[in-house]
Amino acid sequence: MTQFVIHGGKKLQGEVEISGAKNAAVAILPAAFLVDGECRIENIPQISDVTLLLESMADMGAEIRTVNRTTMDIRCRGLSYREPGPAMGEIRASYYFIGALLGRFGQARVPMPGGCDIGVRPIDQHLKGMRAMGAEVSVEGGYVNAKARNGRLHGANIYLDVVSVGATMNIMLAAALAKGKTVIENAAREPHIVDLANFLNAMGADIRGAGTSVIRVFGADRLRGGAYTIIPDQIEAGTYLAAAAAAGGDVLVKGVIPKHLFSITAKLEEMGCEIIDMGDMVRIRRDGRLHTANVKTMPYPGFPTDMQPQIVTCLARAGGTSVVTEDVWDNRFKYVSELAKMGAKIQVDGKVAVIEGVERLSGATVKACDLRAGAAMVIAGLSAEGVTRVTEIHHIQRGYEDLVQKLRGLGADICEEEVSEEPESSKNLA
Ligand code: EPZ
């Protein structure tokens, strides 16, 4: 078992390069199944969710050639239908195989998606979209089974009852090769939605309006292939900004699209950080105690839920009381009990956390409850006095490339440590 060991209290100083966006990559890679040709995909993040996806795609017959560390050529020409293995049930993004396989082959059998335990995570809106496009869909034995009634999906008008990133992208995938026009109303507007549309358009699709709440997909007969570069990861960038805000220092976050970060940088400015937009870089400087702030998570362009644990951790040491409302997921404050071990004073009532800033946090052994909560534990460790050990880091490795190396590059005292598993007999089973 590996854990992170952090000697906290050091200011961060230097530059960090941001990797490709996880939540774009996990949709764009399955989208390669829609392409009856070869696509070159650049800026693929080196994270475990991507490794799992690529392994599964290779098992399903995709020919994948590594060009360099972050670039792959994926060839799905003349492929016949194969379904993803049960390992895909471990990650959330497995649901994108439903849209991609249904679009290309008129059928899909995919394990129900896993992912972070942050509340009820239904996929009813995805399935509603597939049904509207002419698919028969059932959920049995932990699998989603879908089949296009006439062998090929047809266009449809689909209104999403909730603004869902996954449903918007999945319906785009399914509609790219459907017969006729699909309109998605009340669509999500996240940067990764625009990225998926740009990828599909680069392959020959005709998708208009991505980034607005109405997306129109004019189904193509074939996608021919091409080259595409994935956008930088908004949440990875935000996490390094939050780390600098919490630990203090002067950090240049490089290779970003500042517009995607606006809700985060605006909040950090409100909290007393100096933010300098430098085109494709953002510089953050922070000295002295952070100010309080109230935050409410919302779909883009609102404050992202995937930055909620990191911002709460920053506010845990602010000079006063802050209120953070989680308005996307119904159970995303589980990590608060871990922060409490370090001295944080946070009261949670349903979707609202009231954070009474303390002067200092002290190192402790804390666990990564999920991906972003894990990142928050690292941030807490960097800003705490003493030694923090973060366990269950496999959650963090799902979504952050080279976190330890990148933080060490900023002067943080963080390393990975191997520990032997506690023998079953010595565990306290009470
Ligand atoms: C994506 O999840 C991200 N995951 C999540 O990031 C992120 O938190 C979320 O979008 C919101 O931004 C991936 O991209 C793989 P949603 P997704 O569908 O698509 C409800 C991370 O840390 N809903 O936008 O699954 C749902 O319950 C992860 O990187 C329905 O009711 O989220 C939630 O309340 C964690 N029915 C809200 O909509 C549906 O069919 C938003 O969910 C779908 C969703």
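In this chain, numbering begins with 1 at the start of the sequence shown. Just follow the structure's listing: the first ligand is 1, and inside any ligand the first atom is 1. Because the structure is a prediction, the values reported are computed rather than measured.
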inquiry  = Can you confirm if the NZ or CZ of R389 lies within 45° of the ring axis of F4 and under 6.0 Å from the centre of its six-membered ring?
reply    = no
ask   = Is any side-chain heavy atom of L371 less than 4.5 Å from a side-chain heavy atom of Y400?
value = yes
ask   = If we ignore angles and hydrogens, is there a donor and acceptor under 3.5 Å between the side chains of Q308 and E326?
value = yes
query = Of all the atoms in ligand 1, which lie at a distance below 4.0 Å from a heavy atom belonging to I123?
reply = 39 (C), 40 (O)
Qualifying salt bridge (charged side-chain N to carboxylate O under 4.0 Å, His left out) pairs with a residue from residues 155-173, counting only residues at least two apart or across chains = K128-D161
inquiry  = Is there a polar contact between ligand 1 and V165, counting only N or O atoms under 3.5 Å apart?
reply    = yes
request  = Do me a favour and list the nearest non-hydrogen protein atom to atom 39 (C) of ligand 1 with residue, atom name and distance?
outcome  = P122 O, 3.1 Å
ask   = Taking only residues two or more places apart in sequence, or in another chain, which ones meet R372 in a salt bridge (charged side-chain N to carboxylate O under 4.0 Å, His left out)?
value = none
ask   = With a 3.5 Å cut-off and no angle check, do the side chains of S19 and K406 form a donor-acceptor pair?
value = yes
task = Write out the residue and atom name of the closest protein heavy atom to atom 5 (C) of ligand 1, then the distance separating them to 0.1 Å.
result = D306 OD2, 3.7 Å
query = Which residue supplies the protein heavy atom nearest to atom 14 (O) of ligand 1, what is that atom called, and how far is it?
reply = N23 CG, 3.1 Å
remark   = Per-atom filter on ligand 1: closer than 4.0 angstrom to a heavy atom of G166 are 18 (O), 19 (O)
message = Check the orientation of F199 and Y228. Use parallel for under 30°, tilted for 30 to 60°, and perpendicular for over 60°.
response = perpendicular
task = State whether F33 and R104 meet the cation-pi test: NZ (Lys) or CZ (Arg) under 6.0 Å from the six-membered ring centroid, and within 45° of the perpendicular axis.
result = no
note = the protein heavy atom lying closest to atom 34 (O) of ligand 1 turns out to be V328 O, 2.6 Å
request  = Name the closest protein heavy atom to atom 25 (O) of ligand 1, giving the residue it belongs to and the distance to 0.1 Å.
outcome  = Y95 OH, 3.1 Å
query = If you count the atoms of ligand 1 from 1 in the order shown, which ones are under 4.0 Å from a heavy atom of R92?
reply = 25 (O)
Numbered atoms of ligand 1 (with element) below 4.0 Å of R332, judged on heavy atoms = 8 (O), 22 (O), 35 (C)
ask   = Which one of I91, I235, V26, D124 has a non-hydrogen atom at the shortest distance from atom 36 (N) of ligand 1?
value = D124
task = Any atoms of ligand 1 less than 4.0 Å from a non-hydrogen atom of H126? List them with their elements.
result = 40 (O)
task = Starting from atom 38 (O) of ligand 1, locate the nearest protein heavy atom and write down its residue, its atom name and how far away it is, to 0.1 Å.
result = V162 CG2, 3.8 Å
key: Geometric N/O contact W329 with ligand 1, under 3.5 angstrom   = yes
ask   = Which is closest to atom 18 (O) of ligand 1 in terms of heavy atoms, A373, S164, A167?
value = S164
ask   = Are H126 and N170 linked by a side-chain donor-acceptor pair shorter than 3.5 Å?
value = yes
